[in-house]
A.B. asks: 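Can you read through this structure? Questions will come right after.
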Amino acid sequence: SLEEALELTRRNALPRRAVAITFDDGYRDNYTEAVPILNRYGLKATFFVVGSAVKEGNIWNQRLTQAILAFDCEKVDLSDIGLGVVKLATEEDRVQANLHLNDQLKDLEPDLQKEKIDYILDKAKVDKSNRAMLNEAEVAAMVDQGMEFGCHTMNHPMLKVISLEQAEQDIQACTRYLSEVSGQKLSFFAYPYGKLGQHFTKEHAALVEKLGFKAAFTSDWGTLSDKSDLYLINRFTPWDKTPFRFLVRLALNFNRSD
C-alpha cells in the first residue's frame, strides 16, 4: 500500500523492487476488470478518482471519445468553436481526431472546455446517460474488498490554467465527496495530467501539503527513494499490451530516480 511504502521509505527500509499499484480517473473497468485480477493475486491498489466522474458518470475526455465514436459521417465541421474540420472517415482518422481534440481541449479553462465539449456532444447526438466511470455503489464495493481511494480533483482541470483559489476549492470538493462515498479519509493526491511545470507547479504541491495530504503523485516517470519530495512523487505509467515490452519498459524505469 502507499501508506506502507511511505513508512518504509521514511525508515530507509523500502525493498529495492517494491511496487505500489495506482489507477487514475475512476473508469468503471477498474472495478470490473482490475479489481478481480488484484484479488486473484492478493494485491491492493490505490484509485485516484475524479469526483464528478463518479457523481455524473463520465469525465470530459471520455465524453469526447463517445462523441467521436457516435458521429455517423466522414468528417465534422467544428469551426464554430475554433476546432476546424475533423476527418472521421476511417478508424485511424477517429483515433487521430481523439488525440488531436484532447490536446486542443485539455489546457482550456474549465467553463470554456465544458462549452466546447457540450457543443461536440450535441452535434454527435450522444446519449449523455451512457456511464463509463465508477458509480458510488462500485466505489463502496471496492472499499469492502480492501482497495484505497485518493483525490484526483472534482473536475479534472489542468491546475496550471486555473487560479490557486479555484484549485483549492476543486480539490476540497473532491475530498469531501469521495470521503463520504468511500467512508475513507483521503490521504493521497494525484495531479491531473501530472507533468510538473507543464500541467501544475510547485505552488500546487505546497497547496496539497497545506490541505493535509500525506503525499502527492505526478505522472513523470521515476522511482521513490528516501530523497524524494513526498509531494512530487514520480510514477511509472506503462501502456504496453505484451509482457515482454511491459517488462523492458519497467526495467528502464527502474534505473530512474526522482
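No hydrogens, no waters, no symmetry mates; every other heavy atom, side chains included, goes into these values.
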A.B. asks: Do His204 and Leu164 have side chains that approach each other closer than 4.5 Å (heavy atoms only, starting at C-beta)?
C.D. replies: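 Counting from C-beta outward, His204 and Leu164 do come under 4.5 Å.
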
A.B. asks: More than 12 non-hydrogen atoms from neighbouring residues, nucleotides or ligands closer than 6.0 Å to NZ on Lys75, yes or no?
C.D. replies: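 Not buried by this count: 12 neighbours or fewer within 6.0 Å.
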
A.B. asks: Identify whether NZ of Lys or CZ of Arg in Arg245 sits under 6.0 Å from the centre of the six-membered ring of Trp239 and within 45° of that ring's axis.
C.D. replies: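 Not satisfied by the 6.0 Å and 45° rule.
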
A.B. asks: Are more than 12 heavy atoms, taken from residues, nucleotides or ligands other than Lys55, located less than 6.0 Å from that residue's NZ atom?
C.D. replies: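 At most 12 heavy atoms, drawn from other residues, nucleotides or ligands, come within 6.0 Å of this atom.
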
A.B. asks: Below 4.5 Å, heavy atoms only, C-beta onward: do Ile68 and Leu88 meet side chain to side chain?
C.D. replies: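 Side-chain contact under 4.5 Å: yes.
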
A.B. asks: Any donor and acceptor pair, going by atom type alone, linking the side chain of Ser163 with main-chain N or O of Gln166 inside 3.5 Å?
C.D. replies: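 Confirmed, Ser163 side chain pairs with Gln166 backbone.
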
A.B. asks: Would Arg10 and Asp226 satisfy salt bridge (charged side-chain N to carboxylate O under 4.0 Å, His left out), going step by step from the backbone distance to the final call?
C.D. replies: CA-CA 6 Å; Arg10 276 191 287 269; Asp226 59 350; over 6 Å; no

A.B. asks: For the pair Lys44 and Leu38, evaluate side chain to side chain contact (heavy atoms under 4.5 Å, CB included) and give the outcome as yes or no after the intermediate values.
C.D. replies: CA-CA 6 Å; Lys44 304 303 178 188; Leu38 292 166; over 6 Å; no

A.B. asks: Assess whether atom CD of Glu203 is packed by more than 12 heavy atoms of other residues, nucleotides or ligands within 6.0 Å.
C.D. replies: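 Atom CD in Glu203 is not crowded, with 12 or fewer foreign heavy atoms closer than 6.0 Å.
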
A.B. asks: Whether the Asp240 and Thr242 side chains hold a donor-acceptor pair (N or O, under 3.5 Å, no angle test) is what I'd like checked.
C.D. replies: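 There is no such pair (donor and acceptor under 3.5 Å, judged by atom type) between the side chains of Asp240 and Thr242.
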
A.B. asks: Does atom CG (Asp103) have a neighbourhood of more than 12 heavy atoms from anything else shown, all under 6.0 Å?
C.D. replies: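 More than 12 within 6.0 Å, yes.
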
A.B. asks: Hey, does the side chain of Asp77 reach the backbone of Val85 with a donor-acceptor pair shorter than 3.5 angstrom?
C.D. replies: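 Not confirmed, Asp77 side chain does not pair with Val85 backbone.
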
A.B. asks: Looking only at non-hydrogen atoms, find the nearest pair between Gly26 and Val49 and report the distance.
C.D. replies: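 Between these two residues, the closest heavy atoms are CA-CG2, 4.0 Å.
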
A.B. asks: Under the side chain to side chain donor-acceptor pair (under 3.5 Å) rule, collect the residues that match up with Gln145, sequence neighbours excluded.
C.D. replies: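 With sequence neighbours excluded, Gln145 shows a side chain to side chain donor-acceptor pair (under 3.5 Å) to Asn39, given in chain and number order.
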
A.B. asks: In plain terms, say whether Lys87 and Glu74 are close enough for a salt bridge, that is, a side-chain N and a carboxylate O under 4.0 Å apart.
C.D. replies: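 Looking at Lys87 and Glu74, the cut-off is not met.
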
A.B. asks: Ring centres of Phe217 and Phe48 under 6.0 Å apart?
C.D. replies: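 Judged by ring-centre distance (under 6.0 Å), Phe217 and Phe48 do meet the cut-off.
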
A.B. asks: Under 3.5 Å, is there a donor-acceptor pair linking the side chains of Gln96 and Glu92?
C.D. replies: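 Result is yes, a qualifying pair exists.
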
A.B. asks: Mark yes or no for whether Arg94, through its side chain, and Ala97, through its backbone, hold a donor-acceptor pair below 3.5 Å.
C.D. replies: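 Pair absent, no side-chain N/O of Arg94 close to backbone of Ala97.
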
A.B. asks: Does the side chain of Pro157 come within less than 4.5 Å of Asp170's, by heavy atoms?
C.D. replies: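 In short, these two side chains touch, coming nearer than 4.5 Å.
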
A.B. asks: Which heavy-atom pair separates Ala216 from Val208 by the least distance, and what is that distance?
C.D. replies: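 Ala216 and Val208 have their closest heavy atoms at CB-CG1, 3.9 Å.
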
A.B. asks: Heavy-atom distance under 4.5 Å between the side chains of Lys241 and Phe246, does that happen here?
C.D. replies: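 A side-chain contact is absent here, since even the closest heavy-atom pair is not under 4.5 Å.
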
A.B. asks: With a 4.5 Å heavy-atom cut-off, do Ile162 and Pro110 have their side chains touching?
C.D. replies: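 A side-chain contact exists here, since the closest heavy-atom pair is under 4.5 Å.
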
A.B. asks: OG1/Thr32 to OH/Tyr27 distance, rounded to the nearest 0.5 angstrom?
C.D. replies: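 The distance works out to 13.5 Å.
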
A.B. asks: Taking Asp24 first and then Arg235, would you say they form a salt bridge - that is, a charged N and a carboxylate O separated by under 4.0 Å?
C.D. replies: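 Yes, this pair counts.
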
A.B. asks: Inspect the contact between Glu56 and Arg63 and indicate whether a charged nitrogen and a carboxylate oxygen are less than 4.0 angstrom apart.
C.D. replies: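 Result for this pair is yes, salt bridge flagged.
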
A.B. asks: State the CG-CG distance between Asn102 and Leu99, to the nearest 0.5 angstrom.
C.D. replies: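 Answer for the CG-CG pair, Asn102 versus Leu99, is 7.0 Å.
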
A.B. asks: Any donor and acceptor pair, going by atom type alone, linking the side chain of Glu138 with main-chain N or O of Asn135 inside 3.5 Å?
C.D. replies: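 Yes, because the side chain of Glu138 sits within donor-acceptor range (under 3.5 Å) of the backbone of Asn135.
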
A.B. asks: Mark yes or no for whether Asp220, through its side chain, and Asn234, through its backbone, hold a donor-acceptor pair below 3.5 Å.
C.D. replies: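 No, the answer is negative, given that no donor and acceptor are paired below the 3.5 Å cut-off.
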
A.B. asks: How long is the straight-line distance from NZ of Lys123 back to CG of Asp80, given to the nearest 0.5 Å?
C.D. replies: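 Going from the CG atom of Asp80 to the NZ atom of Lys123 covers 6.5 Å.
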
A.B. asks: Can you list the steps and then say if Glu109 with Lys114 is a salt bridge (charged side-chain N to carboxylate O under 4.0 Å, His left out)?
C.D. replies: CA-CA 9 Å; Glu109 187 275 329; Lys114 183 179 185 305; over 6 Å; no

A.B. asks: Enter the distance from Gln113:CD to Asp118:CG here, rounded to the nearest 0.5 Å.
C.D. replies: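 Reported to 0.5 Å precision, the distance equals 10.5 Å.
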
A.B. asks: Going through the checks in order, is the side chain to side chain contact (heavy atoms under 4.5 Å, CB included) test met by Met158 and His199?
C.D. replies: CA-CA 6 Å; Met158 187 182 294; His199 304 135; 3.6 Å; yes

A.B. asks: Could you tell me if Thr65 and Asn98 have a donor-acceptor pair between their side chains, going purely by distance under 3.5 Å?
C.D. replies: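 Short answer, yes.
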
A.B. asks: Residues two or more places apart in sequence or in another chain: which of them pass ring pair (Phe, Tyr, Trp, His ring centres under 6.0 Å) with His156?
C.D. replies: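 Partners of His156 under the ring pair (Phe, Tyr, Trp, His ring centres under 6.0 Å) test: His152, Tyr193.
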
A.B. asks: Can you hop from Ile21 to Leu186 via hydrophobic side chains spaced under 4.5 Å?
C.D. replies: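 Hydrophobic grouping puts Ile21 with Leu186.
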
A.B. asks: Side chains of Leu108 and Trp60: closer than 4.5 Å at any heavy-atom pair?
C.D. replies: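 No, too far: nothing below the 4.5 Å cut-off.
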
A.B. asks: Specify the closest pair of heavy atoms between Val54 and Leu178, including all atoms of both residues, with the distance to one decimal.
C.D. replies: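 Heavy atoms only, the tightest pair is CG2-CD2, 4.5 Å.
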
A.B. asks: Nearest 0.5 angstrom please: Leu207 CG to Ile171 CD1, how far?
C.D. replies: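 If I round to the nearest 0.5 Å, the distance is 5.0 Å.
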
A.B. asks: For Lys106, I'd like to know if atom NZ has over 12 heavy atoms of other residues, nucleotides or ligands within 6.0 Å.
C.D. replies: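 Above 12, so yes.
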
A.B. asks: Please report the interatomic distance OG1(Thr218) to CG(Leu232), rounded to the nearest 0.5 Å.
C.D. replies: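 So the OG1 of Thr218 and the CG of Leu232 are separated by 7.0 Å.
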
A.B. asks: Any salt bridge between Glu168 and Lys210, counting N to O under 4.0 Å?
C.D. replies: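 Salt bridge flag = yes for Lys210 with Glu168.
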
A.B. asks: Membership question, hydrophobic clusters at under 4.5 Å side-chain separation (ILVMFWY): are Leu247 and Phe244 in the same one?
C.D. replies: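 Phe244 does not cluster with Leu247.
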
A.B. asks: Does some side-chain heavy atom of Ile120 sit less than 4.5 Å from a side-chain heavy atom of Val76?
C.D. replies: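 Answer no - side chains too far apart.
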
A.B. asks: Search all heavy atoms of Glu4 against all heavy atoms of Ser1 and return the closest pair with its distance.
C.D. replies: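 It is N-OG, 3.1 Å.
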
A.B. asks: Please tell me whether Leu83 and Val95 are part of a single hydrophobic cluster in this structure, the criterion being side-chain heavy atoms less than 4.5 Å apart.
C.D. replies: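 Cluster IDs for Leu83 and Val95 differ.
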
A.B. asks: Does the side chain to side chain contact (heavy atoms under 4.5 Å, CB included) test come out yes or no for Phe236 and Val19, once each step is laid out?
C.D. replies: CA-CA 10 Å; Phe236 173 54; Val19 173; over 6 Å; no

A.B. asks: In terms of hydrophobic clusters joined by side-chain contacts under 4.5 Å, are Leu105 and Leu112 together?
C.D. replies: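 Cluster IDs for Leu105 and Leu112 match.
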
A.B. asks: Walk me through it: do Phe188 and Phe213 pass the test ring pair (Phe, Tyr, Trp, His ring centres under 6.0 Å)?
C.D. replies: CA-CA 5 Å; Phe188 304 108; Phe213 291 96; 8.6 Å; no

A.B. asks: Using every non-hydrogen atom in the two residues, find where Thr153 and Pro192 come nearest and quote the distance to one decimal.
C.D. replies: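 Nearest pair, atom of Thr153 first, then Pro192: CG2-CG, 3.5 Å.
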
A.B. asks: Show the numbers, then the answer: is there a side chain to side chain contact (heavy atoms under 4.5 Å, CB included) between Phe200 and Lys160?
C.D. replies: CA-CA 5 Å; Phe200 74 99; Lys160 200 173 178 181; 5.6 Å; no

A.B. asks: Show me the pairs that pass side-chain hydrogen bond (donor to acceptor under 3.5 Å, both in side chains) and involve residues 171-191, at least two apart or across chains.
C.D. replies: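 Output for this query lists Glu136-Tyr177.
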
A.B. asks: I need the minimum non-hydrogen distance between Leu14 and Ala18, along with the two atoms involved.
C.D. replies: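 Reported closest heavy-atom pair: CD1-CB, 3.9 Å.
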
A.B. asks: Are Thr46 and Phe149 close enough that some pair of their side-chain heavy atoms sits under 4.5 Å apart?
C.D. replies: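 Not in contact.
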
